[in-house]
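First the proteins, then the strands, lettered A, B, ... as listed; each starts at 1. Keep in mind that the numbers below use all heavy atoms, side chains included, and drop hydrogens, waters and symmetry copies.
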Amino acid sequence: MKIVVPIKQVPEVSEVRMNEETGTLIRDGVPSIMNPFDELAVEAAIQLKEAHGGEVTIITMGPPQAKDVLLKALAMGGDRAVHLTDVAFAGADTWATAFTLSEYIRKMDFDLVICGKQAIDGDTAQVGPELAELLGVPQICYVRKIEISEDEKHITAHRETDEGYEVVKAKLPALLTATKGLNEPRLPNIMGIMKAKQKPFEEVNAETLGTELQLLGLDGSPTVVRKVYPPEKKKGGIIVDGEDTAAAVKQLVEFLTKKGAI
Amino acid sequence: MKFQYDRDTCNGCMLCPSVCNFGAIEKDGDKVKFDMNKCVYCGSCEEICPVDAIHIERRTFDKSKLLEYHNVWVFCETNQGRLRSVALELATEGRALADALGEKLVAVIIGHEIEHHADTLIHQGADKVIIVDDKMFADYTTDAYTIAMTSLIAPRKPSIVLFGATGNGRDLAPRVAARMGVGCTADCTGLEIDDERQLVQTRPAFGGNVIAEIITPARRPQISTVRPNVFKPSEPDTSRTGEVEKVDIKISPVQVRTRVLEKVSEVVEGMKSVEEADIIVCSGRGIKDPANLALPKQLADLLDAAVGGSRPIVDLGWLPPTQQVGQSGRTVCPKLYFALGISGQIQHLAGMSSSDLIVAINKDPEAPIFSSSDFGIVGDIFTILPELISEIKKVLDAR
Ligand SMILES: Cc1cc2nc3c(=O)[nH]c(=O)nc-3n(C[C@H](O)[C@H](O)[C@H](O)COP(=O)(O)OP(=O)(O)OC[C@H]3O[C@@H](n4cnc5c(N)ncnc54)[C@H](O)[C@@H]3O)c2cc1C
Ligand code: SF4
Ligand code: SF4
């Protein structure tokens, strides 16, 4: 099976702190990591390759430092990496991101594309469905379990829904997005890390991609981020000591009644 | 270069580094420098600079085409024939946007045997309801619904199309947007019409650490998904009348490339959905033992609330995954949220911080949940909850 896994480098969001004075995020010292949902996607691809043979291509669009996550995915067991990197790609929204990725992937021969459900920074969960559309393949989003048919032509997946899950079957090629519960991603071992550096690694810029500049990055993006600001901090939240249980509860019930909450 | 910084004009006021959320601006001598590998072109620095030393060159577009697009559409999702509650919220918010534009609100329902919902949506504010009813639409599939939505949109040219940010809504909206070559804004918590009659879409990102304002300057329709429970449905007006248009869309099975073999509900009998509840009673690690969940359940029953859990509780199997609140679970926005024995890690806050009222009970006075709560009690949930339950009972009985 030929599997493509698009991954994104993201800041470790749980370590991002707020600068109380300016209200902006402090990025200094916050590690950049592989998007956690993408680790599930990489692991799933490697497991499928182990069971069915084939090749796993890892691809990212991102600045030069995003090379680190590609190397990690190769160390986990990916076979080759593609780094789409160019200032022309900067400022891309999800459509332009999906388009840029599709410009490379559509020229490949692939059976399956596995994305993460959502990137923990942009938080949109849109690149997967948009990429599926641009590649002209069916999508199964929020996948917790994957089974490949014996003839390797169909996939059956458990897709998480608001009520539980549904079992969905599709013909390959298809695109999946991986969610929690799919697997436990492996940690790269020393051997893997050493081998990663020898694996094929391709860097692609706008020119080698051969796409009109107008369709890339900021210029190619239908949506425009006009402003980014900190959320309104809840101020003046009441905090009481529960030592005197009766008094604390009384105060809470009064508060809830006054707010019309109960 | 799309990003221009005029070092000579810059007066070194140092305002711009303080608004950049992406760590892209650093002090450089008495002026600043920019790391373009970190910049996301959000425009915040351009806006704040008092001397216009920063300029982001954006493509200009012919906007005359945009005038062909009118009306606000809301996609009203059904589930097994039942209208999801987000549909009423969308209709309410869509009504406000349509009024601001002086245009019509059109509600779209796709499914099987769903016609009877038309009145509900008209009462909720729709001027017109478009119904696509066929057994091919009984189960949600990306392909069938994308074909239906795009074939409705293309000839009718709405200027705005809103979807609920449910599992299916977030699967469908970007696919429809990509097919039409337009943008899509995810999981909005605020919508407004600006002076240029464009939709200003507000949404949290970075696990709720920042709020972004997003516009779609040059393409129509403007498509967004809207977080459930953010907008509260208005009182239905049963005297309202409206038009109903039935559209026949025939889809052949070969056009639908995925097949739903089985639907498995993990909703436990009698357990309310956290996404649709007005009140949520959510427990964290502090609950210690699955048997102790009886207490929060008692409180939930009393208030007709949903029972929720943080990730560790669900990972331990004490509550089904449908009840998990947080980044890797459900995003909720109830009127009242009880956080019981929850420390308030950022991943949890990302899923609930936009709740109207947050009540936290935790033994640890340093627990981060307290800085996000409206009312916090520092104490033991096992002594406070029983007391709280009996006090609330008294209040309710007195009514
Ligand atoms: C504050 C803020 C808000 C934004 N809001 C929107 C918005 O509402 N709509 C919009 O269109 N854009 C938005 N953007 C732009 C968007 O974040 C970027 O386009 C981003 O590159 C991709 O979106 P995401 O991070 O949400 O990824 P998601 O769509 O959540 O990612 C899903 C999966 O797609 C794959 N993927 C994502 N990015 C890449 C990549 N660069 N390379 C390879 N694979 C990738 C991964 O498998 C990932 O798990 C926003 C940007 C900011 C800074
Ligand atoms: S455009 Fe936004 S991300 Fe870029 S430097 Fe300015 S404030 Fe920072
Ligand atoms: S806000 Fe403008 S003038 Fe002030 S430091 Fe930044 S670029 Fe210079």
Side-chain angles (χ1 to χ4, degrees), chain A residues 13-14 16 22 24-25 27 63 87 91 93 95 120-126 129-130 133-134 138-142 161-171 180 218-219 222-231 234 237-242 245-246 248-249 252-253 255 257 259 261-262, chain B residues 2 18-19 21 23 37 41-44 59 142 166-167 170-171 174-175 178-179 182-186 205-207 209-217 219 257-267 328 335-336 346 357 370 372-379 383-384 387-388 391-392 395:
Chain A
V13 171
S14 63
V16 172
T22 61
T24 50
L25 302 181
R27 290 302 189 84
V87 284
D93 74 349
W95 187 89
I120 59 168
D121 55 351
D123 267 346
T124 68
Q126 289 183 172
E130 288 168 338
E133 173 62 26
L134 292 165
Q139 74 198 38
I140 308 177
C141 291
Y142 326 131
T161 61
D162 292 341
E163 283 72 36
Y165 67 93
E166 53 191 29
V167 184
V168 181
K169 189 173 174 181
K171 200 169 166 234
K180 198 193 83 172
L218 193 62
D219 281 353
T223 66
V224 170
V225 180
R226 188 153 76 173
K227 208 157 97 187
V228 175
Y229 52 90
K234 291 230 165 174
I238 305 164
I239 296 181
V240 299
D241 187 353
T245 311
V249 167
L252 171 56
V253 172
F255 174 83
T257 323
K259 293 274 181 191
I262 56 170
Chain B
K2 286 168 235 156
S18 71
V19 296
N21 278 296
N37 286 323
Y41 298 87
C42 75
S44 302
R59 213 167 132 198
T142 315
T166 59
R170 294 185 77 172
D171 180 270
R175 184 99 198 195
R179 185 157 304 174
V182 300
C184 189
T185 305
F206 281 87
N209 280 299
V210 297
I211 307 290
E213 233 177 67
I214 294 173
I215 50 169
T216 318
R219 299 192 213 181
R257 294 165 293 178
T258 58
R259 204 147 54 88
V260 180
L261 303 180
E262 192 187 347
K263 274 177 180 284
V264 182
S265 172
E266 288 173 338
V267 178
S328 52
K335 295 195 178 99
L336 174 58
I346 193 159
L357 275 185
F370 285 122
S372 301
S373 59
D374 299 276
F375 197 105
I377 301 183
V378 181
T383 54
I384 292 164
E387 178 80 15
L388 181 62
E391 280 304 306
I392 291 182
V395 173

Q: Between A/Lys169 and chain B, with a heavy-atom cut-off of 4.5 Å, which part of the residue counts as in contact: side chain, backbone, both or neither?
A: both

Q: Taking B/Val19, B/Val210, B/Thr185 one by one, which has the highest count of heavy-atom pairs under 4.5 Å against chain A?
A: B/Val210

Q: With a 4.5 Å cut-off on heavy-atom pairs, point out which of A/Val13, A/Val168, A/Ile120, A/Asp121 contacts chain B the most.
A: A/Asp121

Q: May I ask you to name which of A/Pro63, A/Gly242, A/Gly91, A/Pro138 has the most heavy-atom pairs under 4.5 Å with chain B?
A: A/Pro138

Q: Quick check for you: among B/Thr216, B/Leu336, B/Asp171, which has the greatest number of heavy-atom pairs under 4.5 Å with chain A?
A: B/Asp171

Q: Under a 4.5 Å cutoff for heavy-atom pairs, which residue among A/Leu218, A/Ile239, A/Val228, A/Asp93 has the most contacts with chain B?
A: A/Val228

Q: What option among B/Gly43, B/Gly379, B/Ser265, B/Ser44 has the most heavy-atom pairs under 4.5 Å with chain A?
A: B/Ser44

Q: First locate atom CD of A/Gln126, then atom SG of A/Cys141, and finally report the distance between them rounded to the nearest 0.5 Å.
A: 11.0 Å

Q: Would you say that more than 12 heavy atoms from the other residues, nucleotides or ligands in this model lie under 6.0 Å from the CZ of B/Arg259, or not?
A: no

Q: Check whether any side-chain heavy atom of A/Phe255 lies under 4.5 Å from a side-chain heavy atom of B/Leu357, and answer yes or no.
A: yes

Q: Looking only at heavy atoms, which two atoms of B/Thr142 and A/Gln139 are closest? And how far apart?
A: CG2-NE2, 3.3 Å

Q: Count the heavy-atom pairs under 4.5 Å between each of B/Ile384, B/Ile214, B/Val182 and chain A, then report the option with the highest count.
A: B/Ile214

Q: Relative to chain A, which of B/Ile211, B/Thr166, B/Val378 shows the most heavy atom pairs under 4.5 Å?
A: B/Ile211

Q: If I take atom CH2 from residue A/Trp95 and atom OG1 from residue A/Thr124, how far apart are they, to the nearest 0.5 angstrom?
A: 15.0 Å

Q: Pick from A/Val253, A/Thr223, A/Asp241: which one has the most heavy-atom pairs with chain B under 4.5 Å?
A: A/Thr223

Q: Find the distance between CZ (A/Arg226) and CD (B/Glu213) and round it off to the nearest 0.5 Å.
A: 5.5 Å

Q: Does any backbone or side-chain atom of A/Lys227 lie under 4.5 Å from a heavy atom of chain B? Answer side chain, backbone, both or neither.
A: both

Q: Would you mind telling me which of A/Pro129, A/Ala248, A/Ala170 has the largest number of heavy-atom pairs within less than 4.5 Å of chain B?
A: A/Pro129

Q: Taking all non-hydrogen atoms of both residues, which atom of B/Glu266 and which atom of A/Gly164 are closest, and how far apart?
A: OE1-CA, 3.5 Å

Q: Between A/Ile140, A/Thr161, A/Thr257, A/Ile262, which shows the greatest number of heavy-atom pairs under 4.5 Å with chain B?
A: A/Ile262

Q: Tell me which of these, B/Leu261, B/Val267, B/Val395, has more heavy-atom pairs under 4.5 Å with chain A than the rest.
A: B/Leu261

Q: Non-hydrogen atoms of chain A under 4.5 Å away: do they reach the side chain of B/Lys263, the backbone, both or neither?
A: both

Q: Side chain, backbone, both or neither: which part of A/Tyr165 has an atom under 4.5 Å from a heavy atom of chain B?
A: both

Q: Sequence neighbours excluded, which residues qualify as side chain to side chain donor-acceptor pair (under 3.5 Å) partners of B/Glu387?
A: none

Q: Nearest 0.5 Å, please: how far is CG in B/Leu388 from OG1 in A/Thr245?
A: 11.0 Å

Q: Looking at every heavy atom in both A/Glu130 and B/Pro174, which two are closest together, and how far apart are they?
A: CG-O, 3.5 Å

